[in-house]
Amino acid sequence: MTVVSYDEKSFKINEKPLFIYSGEIHYFRIPKELWEDRLIKIKRAFLNSVSIYFAWNWHEQEEGKFDFSSWKDIDAFLSLCEKNGLYIIARPGPYICAEWDFGGFPNWLIGKNVILRSLDEEFMRYALRYYDHIVPFIRNHLITNEGKVILFQIENEYFWGNVPYLLRLYEEARKRGNDVPIVHNVDRYLRGTQVIDAIDLYPDPWSTEWPEKEAERLSEEQPDK
């Protein structure tokens, strides 16, 4: 079985170091007929991976009615990634931001008596129902299941956010059979937990001072990852 691991220097596939060169593709923003064209362009740009948000509100537009057909067929999209030899970083949220309506939350959540992005019981009931539907698709394409998904990201850009909530998402992803490393982007207070944290910034033109300082801090605060 293929195993994804990591140390302080790199991710590894079966103990062989892997440097991830990734491009971002959102299947919900691209007509299905153009999916493979865009993936081929990723390959032609000499990238070896594709990072994919999954938009909850794209699949559950009506409460309790999930749709994974046609343009929403994520199984087909992930299979095209594999066909083109691309590793996959799966990012199902439940919140994704992505400059996408309501950060990927379904509009019907508005008006519900829930606290978004928290351990609020009602919110978690809806979010975990979404996980029950989305995670099995990802699980079927894990590299440990002969697919190409090498990383699984929980939530997104929860700066200084709710660590117990994020760790609960970690546990729920594991319960649903996800056995590749789990990452987040970005919450400094996660460092030192079982989740791999990251930095998220845009350097000012011609200046690398800020990114270099943040990378040094990241290295100090989670030296084993």
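These numbers come from the heavy atoms of this one structure, side chains and all, not from hydrogens, waters or symmetry mates.
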Looking only at the aromatic ring of each residue, does the gap between the centers of [Y] and [X] stay below 6.0 angstrom?
X	Y	answer
F123	F105	yes
F54	Y27	yes
H59	F66	no

Kindly indicate whether the side chain of [X], heavy atoms from C-beta on, has any atom under 4.5 Å from the side chain of [Y].
X	Y	answer
P94	L169	yes
T193	L166	no
D37	I30	no
W58	Q61	yes
N178	V149	no
E63	K112	yes
K148	S49	no

Near [X] [atom1], under 6.0 Å, is it more than 12 heavy atoms from other residues, nucleotides or ligands?
X	atom1	answer
D224	CG	yes
K32	NZ	yes
Y21	OH	no
F46	CZ	no
F102	CZ	yes

Any Lys/Arg nitrogen of [X] or [Y] sitting under 4.0 Å from an Asp/Glu carboxylate oxygen of the other?
X	Y	result
R188	D197	no
E24	R91	yes
E209	K213	yes

Looking only at side chains, do [X] and [Y] share a donor and an acceptor under 3.5 Å apart?
X	Y	result
Q222	R191	no
Y126	E60	no
N185	Q153	no

Do the side chain of [X] and the main chain of [Y] share a donor and acceptor less than 3.5 angstrom apart?
X	Y	answer
S219	A215	no
N84	L86	no
Y6	I196	no
N156	G93	no
D132	R176	no
D73	A76	yes
N145	R139	yes

Item checked: Stepwise salt bridge (Lys or Arg N to Asp or Glu O under 4.0 Å) check, E171 with K175 -> CA-CA 6 Å; E171 292 170 359; K175 285 180 185 177; 5.5 Å; no

Item checked: Minimal non-hydrogen separation, L18 against N48, with atom names -> CD1-ND2, 3.9 Å

Next item on the list: I would like to know whether E122 and R125 meet salt bridge (Lys or Arg N to Asp or Glu O under 4.0 Å); could you show each step before the answer?
Entry: CA-CA 5 Å; E122 278 298 286; R125 183 168 68 86; 2.9 Å; yes

